[in-house]
Each structure stands twice: as C-alpha cells, then as structure tokens.
Enquirer: 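Structure in structure tokens, see below.
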Amino acid sequence: MTIEGLVFWISFIFCLALTAGGIMVIFRFTKLKALPAFQHLQYFLILLYTFGFYSLWSESFIAFMPFAEQIKPFSKVLTVLGIPFIIFSAAQQMYWCKCMYDKTVNRAIVPALLAGAVAFVVVEYRSLEWGSLTALPNSYAVFGFVASLFSLILLAAKQTALLLGQSRWVLVLANAALVVFYAVQYLLGSEGILFKSIGHFFFFFGNTFLAVYFVYTVKHESVPRTELPSQEAFINRFGLTSRESEIIGEIYSGKTNQEIADTLFVTLQTIKDHTSRIYQKTDVKSRAQLIRLMRDFV
C-alpha cells in the first residue's frame, strides 16, 4: 500500500471514530436538553457529519477507482449537491453560539451572514452549466468560514454565564483554527489524495472538538431545571400513590434507581417494586415511554 493509501484509510477510520464519538457525546448528556443552545449544537454536528461523508469522502473514494478520471466531474457534483447540508450546519453553528447569549444578539445577524455567504458563491459562479459546477473549488469552506468567524468574534467579544473564562477562550482558539483551515481549503484547494485525506480529518476533528469540548465544560448549574409535569393531573389519571408520585418525579429528573433509593432512604429493591407498579398502572414498558407519557401532562 502506498503512503497516500495508508493516510487515506487512517484518516477515514479516524473520521468514523470521531463521528461515532461525537454523536454519542451530544446525545448522552440529557441534562443539557433544557439548554436552548444544545439543540442547535446537535443539529450542527449531525448535518456536518452528513455533508462530510456524503460529499467529501464520497469524492475521495471515487478518486481511488481505476476509472476515476472519467467520472471526476460526477464526483465534483456530489460535493456541490451536498452544499445544502453545510449551509444548514453553518446556520445551526451560529445559532448555537448566539443562543449562549440569549437575546443579546440580534436575530437578523445569522440569516444576514448566511445570505452574504450564499451571495458570494452565486456571484463567483454565475453560470450553472455542467462545466462550472465541476470546476468548483472547495466552496463549502465559505460557509464554514463564515460560521466559524461569527462564533470566534462573538465568543471573544462577549462573556457568557454558560462558560468559564478559560473554556470560552479555548473555544475562541478552536474557532480561529477552523477559520484558518477553511480559508486555506478555499484559497488553495487540494487535488491530491494525501492532502484531501488530511483536510477531511481536520474538518471532522475541528468541528467535533467544538461540540465535545462545549458539552464537557458548560456549567451544568446554569442549565435550567426541567419542570415536572402537572403531578396532580398525572396522579389522578393513573391513580398513583404519594410514594409513587415522588418516584416518578425523580425518574423524570433523570435519576437512576440507585440514586432514587439514596434520595428517598429506601432499598434499591423497594424502588424497583414501585417502578414496576408504576409501569403497570400507566401501561408502559420502559422509562423512556413513561417520560414521554408524563410530558403529555406538561
């Protein structure tokens, strides 16, 4: 195997690992769901991963085929067709950053910046003929550049209660690195498999780092506690006892059986027995179903 091939497969495997790890992290921390910024963070990362594999890696895999030169125009079009994913991903990244500051940032800023990025690409590539589409450089980098620059300026200019000073500046530096990366990708491009593979790795790594670092450093105490549904309505509907009412409150807050037992100063088996009776009364088979049912009474 050549050096290019080795780097290609190593980069691809690392990108798969980063994707799996990033998705696991952003869906694991249920306590952050009450944070408005967290939802946009999830959308940002999922859309970005979709673009990464649909457009970037598909083009690179096609380049490995024996007849790569004959279908090279098609591989370029794949990147172009994936542009909507990176556009919406960039929008979610900016909304994520904006939401950390609540209403202190004008809502018109994000759409205006995205409109400017779209206008830039349209003006530069006025013709939509086949030849111009296949000759597009890494235009996706324009949207990544705009989103990262927006996040960089906002984080550097304003403090947020969700992040400590050091954590905020780490995110500033991470966004600055992405700004440089996107600028290089657009201005220089990359034709060789070696440089493409390295570029894809930094694309996945840099953006995954943003999301994962935020999740692990955000001040959890600043996240508003999810309000419990109307207990009275829920209790009356299913005929629950006062003890069962206490337990469903703890379940809804995300505690495990052991944590509930420690809180209520009872044995683990007692909690399991109560939980089983709650399932029977509410006709559910799992905690997830019980929580969904409870949300209907909010």
Enquirer: Any chance you could measure Ser148, atom OG, to Gln93, atom CD, to the nearest 0.5 Å?
Expert: 4.5 Å
Enquirer: Distance from Lys285 atom NZ to Leu290 atom CG, nearest 0.5 Å?
Expert: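 That separation rounds to 13.0 Å.
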Enquirer: Hey, does Met24 have a side-chain heavy atom less than 4.5 Å from the side chain of Val212?
Expert: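 No; the side chains remain at least 4.5 Å from each other.
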Enquirer: Looking only at heavy atoms, which two atoms of Leu240 and Lys281 are closest? And how far apart?
Expert: CD2-CD, 3.7 Å
Enquirer: Within the side chain of Thr270, is there an N or O that forms a donor-acceptor pair under 3.5 Å with the backbone of Val266?
Expert: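 Answer holds: no.
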Enquirer: Determine whether Leu178 and Phe145 make a side-chain contact, defined as any pair of heavy atoms from C-beta on separated by less than 4.5 Å.
Expert: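 Sidechains of Phe145 and Leu178: no contact.
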Enquirer: Roughly how far, to the nearest 0.5 Å, is the CG atom of Leu155 from the SG atom of Cys97?
Expert: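 Taking SG in Cys97 and CG in Leu155, the distance rounds to 4.0 Å.
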Enquirer: Could you check whether any side-chain N or O of Ser253 sits under 3.5 Å from a backbone N or O of Glu250, counting only pairs where one atom can act as donor and the other as acceptor?
Expert: yes
Enquirer: Can you get from Val184 to Leu173 by hopping between Ile, Leu, Val, Met, Phe, Trp and Tyr side chains that sit under 4.5 Å apart?
Expert: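 No, no single cluster joins them.
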Enquirer: With rounding to the nearest 0.5 angstrom, report the OG to OH distance, Ser167 to Tyr216.
Expert: 14.5 Å
Enquirer: So which heavy atom on Lys255 is nearest to which on Ile260, and how close?
Expert: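 Closest pair (atom of Lys255, atom of Ile260, distance): CB-CG1, 3.9 Å.
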Enquirer: Considering non-hydrogen atoms only, spot the tightest contact between Leu48 and Ser89 and give its length.
Expert: CB-OG, 3.4 Å
Enquirer: Partners of Phe181 by ring pair (Phe, Tyr, Trp, His ring centres under 6.0 Å), sequence neighbours excluded?
Expert: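 With neighbours one apart ignored, the set is empty.
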Enquirer: Are Glu244 and His274 linked by a side-chain donor-acceptor pair shorter than 3.5 Å?
Expert: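 No, no side-chain donor-acceptor pair sits under 3.5 Å.
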Enquirer: How many angstroms lie between CG in Asp273 and CD1 in Ile247, if you round to the nearest 0.5 Å?
Expert: 9.5 Å
Enquirer: Parallel, tilted or perpendicular, judged at 30° and 60°: which one describes the rings of Phe209 and Tyr213?
Expert: parallel
Enquirer: Is there a side chain to side chain contact (heavy atoms under 4.5 Å, CB included) between Leu45 and Ile23 once you walk through the steps?
Expert: CA-CA 8 Å; Leu45 209 57; Ile23 291 177; 5.8 Å; no
Enquirer: According to a hydrophobic-cluster definition based on side-chain heavy atoms being under 4.5 Å apart (Ile, Leu, Val, Met, Phe, Trp, Tyr only), do Phe195 and Ile13 belong together?
Expert: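 Phe195 and Ile13: separate clusters.
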Enquirer: Quick one about Tyr279 and Gln289 (side-chain donor to acceptor, distance below 3.5 Å, no hydrogens or angles considered), yes or no?
Expert: no
Enquirer: Can you find a pair of side-chain heavy atoms, one from Phe203 and one from Tyr140, that are under 4.5 Å apart?
Expert: yes
Enquirer: According to a 4.5 Å side-chain heavy-atom criterion applied to Ile, Leu, Val, Met, Phe, Trp and Tyr, with indirect links allowed, do Phe205 and Phe51 form part of one hydrophobic cluster?
Expert: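 Yes, Phe205 and Phe51 fall within the same hydrophobic cluster.
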Enquirer: The criterion is side chain to side chain donor-acceptor pair (under 3.5 Å); which residues satisfy it with Gln258, sequence neighbours excluded?
Expert: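 Listed in chain order: Asp262.
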Enquirer: Going by the rule ring pair (Phe, Tyr, Trp, His ring centres under 6.0 Å), which residues pair with Tyr49 if we only count those two or more places apart in sequence or in a different chain?
Expert: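 Once residues adjacent in sequence are excluded, the partners of Tyr49 under the ring pair (Phe, Tyr, Trp, His ring centres under 6.0 Å) criterion are Phe204.
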Enquirer: When you compare the side chain of Leu41 with that of Val215, does any pair of heavy atoms fall below 4.5 Å?
Expert: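 Touching, per the 4.5 Å side-chain cut-off.
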Enquirer: For Lys272, give me all partners under salt bridge (charged side-chain N to carboxylate O under 4.0 Å, His left out), at least two apart in sequence or on another chain.
Expert: none
Enquirer: Please check: side-chain N/O of Ser58 versus main-chain N/O of Tyr54, any donor-acceptor pairing under 3.5 Å?
Expert: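 The answer is yes, because a donor-acceptor pair under 3.5 Å joins these two groups.
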Enquirer: OG1/Thr256 to CD1/Ile251 distance, rounded to the nearest 0.5 angstrom?
Expert: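 Going from the OG1 atom of Thr256 to the CD1 atom of Ile251 covers 10.5 Å.
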Enquirer: Hydrophobic clusters here meaning ILVMFWY residues chained together by side-chain heavy-atom distances under 4.5 Å, can you tell me if Ile248 and Leu268 are in one?
Expert: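 Ile248 does not cluster with Leu268.
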Enquirer: Checking Phe14 now: which residues fulfil side-chain contact (heavy atoms from CB on, under 4.5 Å) with it, not counting sequence neighbours?
Expert: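 Phe14 satisfies side-chain contact (heavy atoms from CB on, under 4.5 Å) with Ile10, Phe201 once adjacent residues are dropped.
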Enquirer: Quick one, Leu264 and Arg243 - any side-chain contact, counting heavy atoms below 4.5 Å?
Expert: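 Counting from C-beta outward, Leu264 and Arg243 do come under 4.5 Å.
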Enquirer: Given side chains that start at C-beta, do those of Asn207 and Phe44 come closer than 4.5 Å, heavy atoms only?
Expert: yes
Enquirer: Is the distance from the ring center of Trp96 to that of Phe214 below 6.0 Å?
Expert: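 Yes.
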Enquirer: Hey, any chance Tyr43 and Phe53 share a hydrophobic cluster, counting ILVMFWY side chains that come within less than 4.5 Å of each other, even indirectly?
Expert: no
Enquirer: Measure the shortest side-chain to side-chain distance between Phe238 and Asp283 over non-hydrogen atoms and say whether it is less than 4.5 angstrom.
Expert: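 With C-beta onward as the side chain, the pair stays apart.
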Enquirer: Tell me every residue that passes ring pair (Phe, Tyr, Trp, His ring centres under 6.0 Å) with Phe12, counting only those two or more places apart in sequence or in another chain.
Expert: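 In terms of ring pair (Phe, Tyr, Trp, His ring centres under 6.0 Å), with neighbours along the sequence ignored, Phe12 is linked to Trp57, Phe61.
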